[in-house]
Amino acid sequence: MSTSGFHTRLKTDADVDIRATYMELQQLEGIATAVRRDILRMVAAVNSGHPGGSLGCTDFMVALYFDIMRRKLDGDGKPVFDMNGHDEDLFFLSNGHISPVFYSVLARAGYFPISELATFRKLDSRLQGHPATAEHIPGVRIASGSLGQGLSVACGAAYAKKLNGDDKHVYVLMGDGEQQEGQIWEAAQFAPNKKLGNLTAIIDLNHAQIDGTTQNVNDNRDLAAKYRAFGWFVDEMEGNDISDVIRTLRKSQEDPDVPTMILMHTEMGFGVEYMVGNYKWHGTAPNADQLQQALNGLPLSIGVTDY
Amino acid sequence: MSTSGFHTRLKTDADVDIRATYMELQQLEGIATAVRRDILRMVAAVNSGHPGGSLGCTDFMVALYFDIMRRKLDGDGKPVFDMNGHDEDLFFLSNGHISPVFYSVLARAGYFPISELATFRKLDSRLQGHPATAEHIPGVRIASGSLGQGLSVACGAAYAKKLNGDDKHVYVLMGDGEQQEGQIWEAAQFAPNKKLGNLTAIIDLNHAQIDGTTQNVNDNRDLAAKYRAFGWFVDEMEGNDISDVIRTLRKSQEDPDVPTMILMHTEMGFGVEYMVGNYKWHGTAPNADQLQQALNGLPLSIGVTDY
Amino acid sequence: MKKYEYTDKKDTRSGFGAGIAELGRSNPNVIALTADLAGSLKLETFIKEYPERFVQCGIAEANMIGVSAGLTIGGKIPFATTFANFATGRVYDQIRQSVAYSNKNVKICASHAGLTLGEDGATHQILEDLGMMKMLPNMTVINPCDYNQTKAATIAIAEHDGPVYLRFGRPVIPVFTPADQQFEIGKAWHVNEGDAVSIFCTGHLVWEAIKAGEILSEQGIEADIVNIHTIKPLDEEAILASVRKTGCAVSAEEHMLNGGLGDSVAQVLARHFPAPLEYVGVHDTFGESGTPDQLMQKYGLTADKIVEQVKKVMARK
Amino acid sequence: MKKYEYTDKKDTRSGFGAGIAELGRSNPNVIALTADLAGSLKLETFIKEYPERFVQCGIAEANMIGVSAGLTIGGKIPFATTFANFATGRVYDQIRQSVAYSNKNVKICASHAGLTLGEDGATHQILEDLGMMKMLPNMTVINPCDYNQTKAATIAIAEHDGPVYLRFGRPVIPVFTPADQQFEIGKAWHVNEGDAVSIFCTGHLVWEAIKAGEILSEQGIEADIVNIHTIKPLDEEAILASVRKTGCAVSAEEHMLNGGLGDSVAQVLARHFPAPLEYVGVHDTFGESGTPDQLMQKYGLTADKIVEQVKKVMARK
Ligand SMILES: Cc1ncc(C[n+]2csc(CCOP(=O)(O)OP(=O)(O)O)c2C)c(N)n1
Ligand SMILES: Cc1ncc(C[n+]2csc(CCOP(=O)(O)OP(=O)(O)O)c2C)c(N)n1
Ligand SMILES: [Mg+2]
Ligand SMILES: [Mg+2]
């Protein structure tokens with residue numbers, strides 16, 4: 001198993017000086033903008049898919065893949081994908097409907113050609129509506145789409161890492177509506193009981209789901225109190241602020257045997273003015289005019305191109 | 001819909017003077033002893049079934065059926081059973097494996113002949129291994145046995161009562177191991193969000209399940225904190241103290257829109273010295289000698305007979 | 001071949017929406033439940049007119065099934081709605097114990113069944129739901145073929161006392177059955193009289209079967225086309241009467257071969273009248289993303305495929 | 001009729017327990033998981049010898065399936081164990097997405113299948129698990145017939161790369177297959193050569209089929225008895241070869257007629273060689289409490305019933 005070429009990551013108990021990545025931050029923001037453009041163009045192209053949650057989670061996903069995760073890279077800095085992911089950090093997307101942001105970030109991190117984003121949700125594509133392993137797309141380790149399953153899978157992967165003496169970390173992203181699924185709470189009990197300190201779960205706390213605000217549909221109440229009662233270390237962060245995401249994720253948890261749950265405050269549709277905070281954009285694609293309007297508000301940085 | 005012949009029940013916000021039922025308490029304890037004898041003889045007769053949880057929940061079940069619940073009775077004081085249960089309190093057993101105590105209490109409350117207890121778990125019996133409606137046994141409103149489903153059913157029944165303008169109450173009993181099922185937490189979210197103040201759920205907190213203590217198998221941690229975070233009014237009681245059960249269940253909840261969760265401290269196998277507190281008796285029947293020994297420790301009161 | 005025409009194209013789920021709206025007005029015991037999919041299930045009218053009889057369960061399907069079972073105990077007729085995968089596979093054990101075994105009057109109404117939900121892909125494209133539901137004792141299983149039949153079925157199941165699984169879909173397809181039809185549970189609909197081959201079809205494949213019948217008729221082959229809208233209880237008599245006449249059959253459904261209508265037909269034939277049968281359905285594979293039409297083509301759920309299978313099975317007579 | 005004898009009676013679940021104990025020693029990647037049923041699944045030896053490779057999940061079956069899927073990503077071979085109902089119906093969608101569609105190397109090992117768990121009654125007596133699991137693409141489905149076959153199958157599936165459902169039971173039954181057998185997934189076992197009728201049997205019904213074969217043999221009827229231990233992939237060749245020879249068949253299984261082995265056989269026959277088939281299995285009803293023997297009698301899962309169905313089907317040739 002090659003251990004060469006890791007994207008390095010600072011991990012310390014001390015508060016991290018985020019200014020050290022100041023230059024990088026601008027780059028990360030440039031990537032995030034490109035990802036947002038990808039998302040919008042992908043869903044508009046097939047008039048289907050889920051822009052709202054994808055846009056809201058863009059900054060997090062960019063920070064995770066381009067700063068936080070210790071991923072296996074080859075000599076040229078290109079990611080190397082193998083299913084087992086021994087000795088590298090792993091990420092699982094439980095709320096599989098926000099596949100656009102996942103695919104875009106994977107492509108821009110080099111897992112597959114950026115041009116392939118144009119095949120999203122089309123027949124014979126490796127970029128299924130919801131992430132799938134059946135098409136062997138690099139970067140995806142489990143299918144998701146039916147909600148509530150990802151935290152369990154991440155628990156299993158984290159458990160395997162402990163058995164294997166692998167000191168790397170497992171991340172999993174979930175929706176806040178998704179918290180209503182019972183299976184989540186089975187996993188919520190499992191992780192602290194099995195001392196999965198190598199697991200960090202993130203909830204996209206955008207207060208929106210399909211039929212309305214989470215509060216109106218099925219109030220989640222105080223998720224922090226819930227997870228604390230289940231035995232997790234609970235933290236919060238501003239999900240649409242890359243530097244806060246990086247600062248929060250770099251902090252080590254207090255107890256190495258305790259898994260971490262991060263409530264990530266985001267806005268559904270962040271980055272597109274007419275979408276922000278509106279649950280109606282959970283699963284609706286913009287039409288041509290709306291797309292243009294959205295892209296106008298998201299200018300590309302120099303050196304970054306669309307797919 | 002007849003509303004005559006209710007077993008009356010005191011319901012007040014004030015602390016109830018339990019001495020008012022002192023004489024009755026002795027009678028209730030006599031019934032509880034008979035129920036324990038029933039349980040032991042039923043499971044021993046077929047060398048199968050679940051004595052441990054049944055014995056631990058006996059005092060609660062006797063208090064519930066003989067003191068707390070407002071049940072429909074005919075002119076002779078015999079219970080009248082109809083499936084809908086309009087205008088009477090309802091009880092659901094979610095941890096269906098403790099069917100022996102349910103059947104014994106139903107029989108002794110007059111829902112069917114006590115002699116029928118002898119058919120428990122035998123071919124063609126109405127007393128299935130786990131409670132079932134398929135055989136039309138009076139007193140049973142839903143099948144249980146596959147764990148985790150009863151709280152949801154009770155929520156539905158409580159919801160229907162509210163829709164029907166029926167002011168009676170719904171009770172449901174669950175196991176503590178059963179709390180590990182995800183569906184429980186779906187229902188735990190539903191009940192407070194739907195303001196089901198007419199619902200009281202009770203957890204048999206005996207710290208035991210099949211493979212060992214609940215702490216060793218899959219630690220439930222602080223269930224009170226969990227349910228509070230989910231929005232319930234949480235109370236506790238001593239489940240093997242009939243007077244404490246009655247006192248606790250008679251208290252109204254503080255807010256009429258908030259469902260109540262009662263953590264009921266019990267001992268598995270309570271009433272049988274060699275079983276008390278030992279998870280091994282979750283689902284093992286006593287042999288002939290053990291049965292005799294157990295019955296010797298549970299002398300019948302005057303006027304109460306075995307089935 | 002009897003002539004079938006359509007003026008309109010609609011989705012079957014909208015037939016459900018129209019049916020439950022009508023039930024809202026006619027039956028005060030009817031309750032609509034959903035698990036964060038009120039819009040997809042076309043519940044808007046019902047919710048607007050009877051908000052107090054609408055129960056939003058959030059993304060918690062297992063609880064929704066249990067709540068539905070509990071509601072029946074208060075005399076209600078709950079219609080529990082979500083996507084077909086989450087209405088069956090996600091909650092099979094809950095349906096089994098709290099609904100089917102307990103024989104509760106719950107109507108499980110499932111949209112987005114099969115491949116034709118399209119772009120969402122395989123995680124949502126359940127092709128096993130009929131197979132699951134038909135294994136449950138006490139369960140009635142219905143898969144209507146167009147907007148009008150779905151609407152009529154929705155209204156009919158409220159009158160039926162007992163658990164029902166009603167399955168419908170997302171794409172707009174021809175509306176070709178009468179708007180004023182009565183829906184009779186368990187009674188197959190004889191779409192066309194013929195003696196060359198039997199075609200047993202259900203759901204979205206009925207229109208394809210009609211188109212296949214037209215193609216065949218032009219070639220002088222008159223197919224006996226029978227719409228098995230009720231998968232369970234199965235109209236065995238209709239199936240046997242048809243095959244006794246034709247001597248061979250094709251089944252056509254938007255479902256996995258294993259466990260589907262085809263297997264129900266095969267069982268009846270094997271037990272009573274062995275005859276060649278060819279299947280139109282999905283052959284042991286998951287679906288994928290694509291437009292409904294593309295997927296029907298790729299997975300062979302088309303009139304052309306039915307014609308091909310008819311030829312094959314007739315050669316085996 | 002070939003002679004089969006047994007010296008011992010054992011439960012098939014103990015065959016699983018012995019198999020996984022052996023795997024513990026031979027394959028360091030094998031992990032055993034359970035949902036508060038370690039004893040019922042006979043995991044004691046494995047747990048004692050390899051406590052660090054045992055994952056107690058508590059009463060949370062859905063999570064157990066997801067955790068199993070996750071473990072494969074670290075190169076592990078998880079054996080997820082519980083009662084057959086909670087291993088299938090309770091977690092179908094989880095198996096579907098995280099295991100079958102994701103094609104993860106998870107072994108779902110299920111005890112207490114069928115009526116023969118006895119006194120616990122219908123809520124635990126799943127008769128639909130094979131039907132569910134065989135509808136899943138990528139899934140291998142195995143239902144062994146005695147202690148030795150179960151042990152051999154347990155060892156064999158660890159070598160197979162992909163999802164497997166292995167089903168076994170609680171009652172002690174004759175051990176009549178060799179202790180040193182190799183188990184070949186997907187390859188039917190020819191129990192007896194005959195030409196009068198085919199008997200396709202699986203699980204606990206194989207011994208009944210052998211007893212039926214003896215009764216028939218005494219009456220001059222030599223049955224071709226084939227043990228279909230692998231329900232999927234189905235050994236279609238073995239089925240067709242047998243029925244081409246005998247011209248009629250009986251299926252025998254501890255399962256619902258709908259969705260079971262019988263339906264798999266019916267599909268093969270309908271598509272390739274229509275012939276009369278009679279079923280031995282449970283006819284669209286839930287089970288109930290009773291002793292295993294009483295239940296097998298009452299629900300007609302016996303040698304006598306197989307004989308009866310043989311007579312019936314031979315008369316239909
Ligand atoms: C088990 C399951 N039930 C229902 C759905 C349908 N569904 C897809 S996304 C969604 C809402 C998810 O809400 P949330 O997790 O908050 O994600 P967001 O809308 O914020 O992106 C629902 C109900 C599903 N995919 N899986
Ligand atoms: C869904 C489900 N999973 C597993 C079982 C098997 N089972 C029956 S009782 C039991 C333990 C229950 O523990 P608890 O709720 O604490 O009840 P107690 O042992 O205290 O009576 C288990 C795992 C079941 N009946 N249903
Ligand atoms: Mg959300
Ligand atoms: Mg307990």
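The structure displayed is predicted, hence computed values, not measured ones. A, B, ... follow the sequence lines: proteins, then strands. Residue 1 opens every chain.
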Could you please state which residues from residues 201-223 of chain B sit under 4.5 angstrom from chain D, measuring non-hydrogen atom to non-hydrogen atom, sorted by number, or 'none'?
Gln209(B), Ile210(B), Asp211(B), Val217(B), Asn218(B)
Just wondering, are more than 12 heavy atoms of other shown residues or ligands nearer than 6.0 Å to CG in Asp293(D)?
no
Euclidean distance, Thr291(D) OG1 relative to Lys122(B) NZ, rounded to 0.5 Å:
11.5 Å
Which heavy atom of Ser289(D) sits nearest to which heavy atom of Gly129(B), and what is that distance?
OG-N, 2.7 Å
Separation between CD of Glu288(D) and CZ of Arg126(B), rounded to the nearest 0.5 Å:
14.0 Å
Identify which of Thr34(D), Leu295(D), Thr123(D) forms the greatest number of heavy-atom pairs closer than 4.5 Å to chain B.
Thr123(D)
Is there a side-chain contact between Asp36(D) and Glu178(B), using heavy atoms and a 4.5 Å cut-off?
no
Quick check for you: to the nearest 0.5 Å, what is the distance between Ser146(B) atom OG and Asp120(D) atom CG?
11.5 Å
For chain D, find which of His97(B), Gln179(B), Gln128(B) contributes the most heavy-atom pairs closer than 4.5 angstrom.
Gln128(B)
Could you look at Ala62(D) and say if it's the side chain, the backbone, both or neither that has a heavy atom under 4.5 Å from chain B?
neither
Tell me, do Asp124(B) and Lys298(D) make a side-chain contact under 4.5 Å, heavy atoms counted?
yes
Are Arg90(D) and Gln183(B) side-chain neighbours, meaning at least one heavy-atom pair lies under 4.5 Å?
yes
